[in-house]
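Note: hydrogens, waters and symmetry copies are ignored here, and every other heavy atom, side chains too, is used. Every chain is numbered from 1 and lettered A, B, ... according to where its sequence line falls, protein lines coming before strand lines.
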Protein chains: 2
Amino acid sequence: MAMQPEILELENFLPYRLYRLADDVSREFSRIYKDSHGLTRPEWRTLSGLGQRGTMTATELGEQSAMHKTKVSRAVAELERRRWLTRTPGENDRRVEHLTLTRAGLAAYREMVPLAKAFEQALLAKLSVNERASIVKGVLSLEIALDRRQRPSAEEYKTPAGKG
Amino acid sequence: MAMQPEILELENFLPYRLYRLADDVSREFSRIYKDSHGLTRPEWRTLSGLGQRGTMTATELGEQSAMHKTKVSRAVAELERRRWLTRTPGENDRRVEHLTLTRAGLAAYREMVPLAKAFEQALLAKLSVNERASIVKGVLSLEIALDRRQRPSAEEYKTPAGKG
DNA sequence: TTTCGATGGTTACAAATGAAACCAATTTGG
DNA sequence: CCAAATTGGTTTCATTTGTAACCATCGAAA
């Protein structure tokens with residue numbers, strides 16, 4: 001075996017491929033909230049988190065949607081400015097603020113959820129049944145391996161609107 | 001079917017999970033080039049690309065490693081400042097610059113490649129054989145679905161881009 | 001009570017990023 | 001040959017991001 005210097009093939013390097021893939025998907029998806037409402041990703045995640053859970057504090061939001069304190073803080077400030085959410089001081093603990101979507105915020109959320117789901121379905125629809133199973137299983141296993149998994153359910157990725 | 005407003009579960013939303021996963025992996029991996037040499041990701045990719053292919057122009061580098069012009073430009077400037085690469089004006093076309101790693105740049109590259117490979121192996125080693133197959137297959141299928149796949153093999157890069 | 005250390009959240013500052021303007025060399029179409 | 005459009009690459013400027021410092025409140029301990 002020749003001792004030629006070891007070469008790393010960037011195009012086949014998993015961290016690079018994952019990043020690139022996620023970035024492409026995310027960029028594509030961002031149209032949904034960026035083009036329609038001019039939201040940033042942290043803002044979208046905030047809206048999404050509150051729409052999903054109803055009420056959270058900034059810290060909880062950060063945990064749920066994997067955002068740093070400062071991102072949460074700024075996103076919340078912007079959504080408040082738009083009057084898409086309100087802050088309610090905690091009764092027991094005055095440091096925390098309970099965040100809730102306003103009617104307007106909820107409306108925006110409800111408008112975007114179907115688009116988001118459609119996006120995901122369209123993406124998965126480009127794959128075969130086996131490939132769908134693979135990406136779901138693969139991603140989940142890596143999440144577990146990194147001990148970063150939040151919720152384990154994978155049942156939802158079965159099939160987009162009919163088999164095949 | 002109840003008419004409750006549609007909820008999106010962020011934790012199970014593929015674009016979000018992909019992004020988060022890639023971000024975690026990438027952040028973890030960045031120690032290898034950040035902690036040891038203070039490189040940024042664009043700088044690492046530049047080093048990696050040139051180490052792999054030998055010589056490229058800035059445009060080619062951007063294509064290979066999915067970086068915007070400006071990122072390439074700045075990364076190249078920094079690596080040049082470190083004397084890790086040199087620019088050679090194109091003979092036929094004086095707009096382009098052929099970039100090549102210096103001895104020092106190559107040394108850094110050779111030092112980091114085994115670490116990068118070890119990182120990838122360690123990551124994959126946390127998965128079962130089936131899970132490994134799944135993530136590889138799943139990622140590849142999505143790359144293809146997005147039509148973003150680069151070449152899976154470096155065999156085709158043997159020739160240094162001589163026209164025709 | 002007072003003090004001290006943690007915690008929730010914001011802000012200040014520096015670095016990284018992207019869009020667009022820009023410069024220079026090159027090609028194209030008269 | 002020349003003017004316009006193109007291309008390779010850099011720079012400027014505004015935005016986004018992360019780190020760290022910061023303010024206020026809280027909980028525990030003395």
Side-chain angles (χ1 to χ4, degrees), chain A residues 19-20 22-24 26-28 30-31 33-35 37-46 49-50 55-81 85-100, chain B residues 19-20 22-24 26-28 30-31 33-35 37-47 49-50 55-82 85-100 161 163:
Chain A
Y19 192 91
R20 185 164 155 66
D23 202 52
D24 284 344
S26 177
R27 217 193 245 356
E28 195 53 42
S30 74
R31 295 177 180 289
Y33 52 79
K34 197 164 291 178
D35 290 359
H37 289 102
L39 295 178
T40 64
R41 183 166 43 223
E43 286 155 18
W44 152 252
R45 285 189 185 174
T46 298
L50 293 180
T55 288
M56 276 191 285
T57 66
T59 300
E60 289 167 342
L61 241 176
E63 284 163 5
Q64 195 225 357
S65 51
M67 294 192 292
H68 189 258
K69 292 168 91 169
T70 60
K71 274 190 188 169
V72 174
S73 174
R74 295 189 259 240
V76 166
E78 168 61 19
L79 293 192
E80 183 187 35
R81 197 193 61 71
L85 64 75
T86 57
R87 312 180 194 229
T88 315
E91 298 185 347
N92 307 330
D93 187 340
R94 294 260 173 100
R95 288 170 304 179
V96 311
E97 297 178 312
H98 299 286
L99 307 167
T100 316
Chain B
Y19 193 91
R20 184 163 155 69
D23 202 52
D24 284 345
S26 178
R27 217 192 243 1
E28 193 56 39
S30 74
R31 297 176 179 290
Y33 51 79
K34 196 163 291 178
D35 291 0
H37 289 100
L39 294 178
T40 62
R41 182 166 46 223
E43 285 155 19
W44 151 252
R45 285 190 184 174
T46 298
L47 180 71
L50 293 179
T55 288
M56 275 191 285
T57 66
T59 300
E60 289 166 342
L61 202 40
E63 283 164 6
Q64 194 224 358
S65 50
M67 294 191 293
H68 185 80
K69 289 168 94 170
T70 60
K71 274 189 186 170
V72 175
S73 175
R74 295 188 259 241
V76 166
E78 169 60 22
L79 294 191
E80 183 186 35
R81 198 193 60 71
R82 290 181 185 226
L85 64 76
T86 58
R87 313 179 193 230
T88 315
E91 298 186 345
N92 308 330
D93 186 340
R94 257 166 297 200
R95 290 170 305 180
V96 312
E97 297 178 311
H98 299 286
L99 307 167
T100 316
K163 273 272 195 218

Open item on the list: Whole angstroms only, please: what is the CG-C1' distance between B:Asn92 and D:dT7?
Closed with: 15 Å
TODO: Figure out the CZ/C1' separation between B:Arg45 and C:dT17, and round it to whole Å.
DONE: 13 Å
TODO: Using a 4.5 Å cut-off on heavy atoms from C-beta on, say whether the side chain of B:Tyr33 contacts that of B:Arg41.
DONE: yes
Open item on the list: Is it the case that the base of C:dG9 and the side chain of A:Arg94 share a donor-acceptor contact (distance under 3.5 Å, atom types as modelled)?
Closed with: no
Task: For B:Thr46, the option from B:Leu85, B:Leu39, B:Leu99 that meets side chain to side chain contact (heavy atoms under 4.5 Å, CB included) - done: B:Leu85
Task: Closest to the B:Ser73 side chain, choosing from C:dG8, C:dA19, D:dT10 - done: D:dT10
Task: Minimum side-chain heavy-atom gap B:Lys71-B:Arg45 below 4.5 Å - done: no
TODO: Starting from P on D:dT16, measure out to CE on A:Met67 and report it in whole angstrom.
DONE: 15 Å
Open item on the list: What is the distance, to the nearest angstrom, from the NZ atom on A:Lys71 to the C1' atom on D:dG18?
Closed with: 9 Å
TODO: On DNA chain C, check which nucleotide each of A:Arg74 and A:Glu97 is closest to and give me the residue with the more 5' one.
DONE: A:Glu97
Open item on the list: Among D:dT16, D:dG8, C:dG9, which nucleotide has an atom closest to any side-chain atom of A:Thr40?
Closed with: D:dT16
TODO: Measure the shortest side-chain to side-chain distance between B:Thr86 and B:Glu80 over non-hydrogen atoms and say whether it is less than 4.5 angstrom.
DONE: no
TODO: Let me know the distance between NZ of A:Lys69 and P of C:dA12, rounded to the nearest Å.
DONE: 15 Å
TODO: Record whether the side chain of A:Arg27 comes under 3.5 Å of the base of C:dG18 through a donor-acceptor pair of N or O atoms.
DONE: no
Task: Charged N-O contact under 4.0 Å between A:Glu78 and A:Arg74 - done: no
Open item on the list: As a test of reading the structure: which of D:dT25, C:dT10, D:dG9 is closest to the side chain of B:Val96, going by heavy atoms?
Closed with: D:dG9
- [ ] Name the nucleic acid region contacted by B:Thr70, choosing base, sugar-phosphate or nothing; use a 4.0 angstrom heavy-atom cut-off, strictly under.
- [x] base
Task: 5'-most by nearest nucleotide on DNA chain C - A:Thr59 or A:Asp23 - done: A:Thr59
TODO: Tell me what A:Arg41 touches on the nucleic acid: a base, only sugar-phosphate, or nothing, going by heavy atoms under 4.0 Å.
DONE: nothing
TODO: Take the protein atom NE2 of B:His68 and the nucleotide atom C1' of C:dA16, then report the distance between them rounded to whole Å.
DONE: 13 Å
TODO: Calculate the interatomic distance between B:Asp93 atom CG and C:dA25 atom P; express it in whole Å.
DONE: 11 Å
Task: Base of C:dT7 paired with side chain of A:Arg95 (donor-acceptor, under 3.5 Å) - done: yes
Open item on the list: Nearest whole Å is fine: how far is D:dC26 C1' from A:Glu91 CD?
Closed with: 16 Å
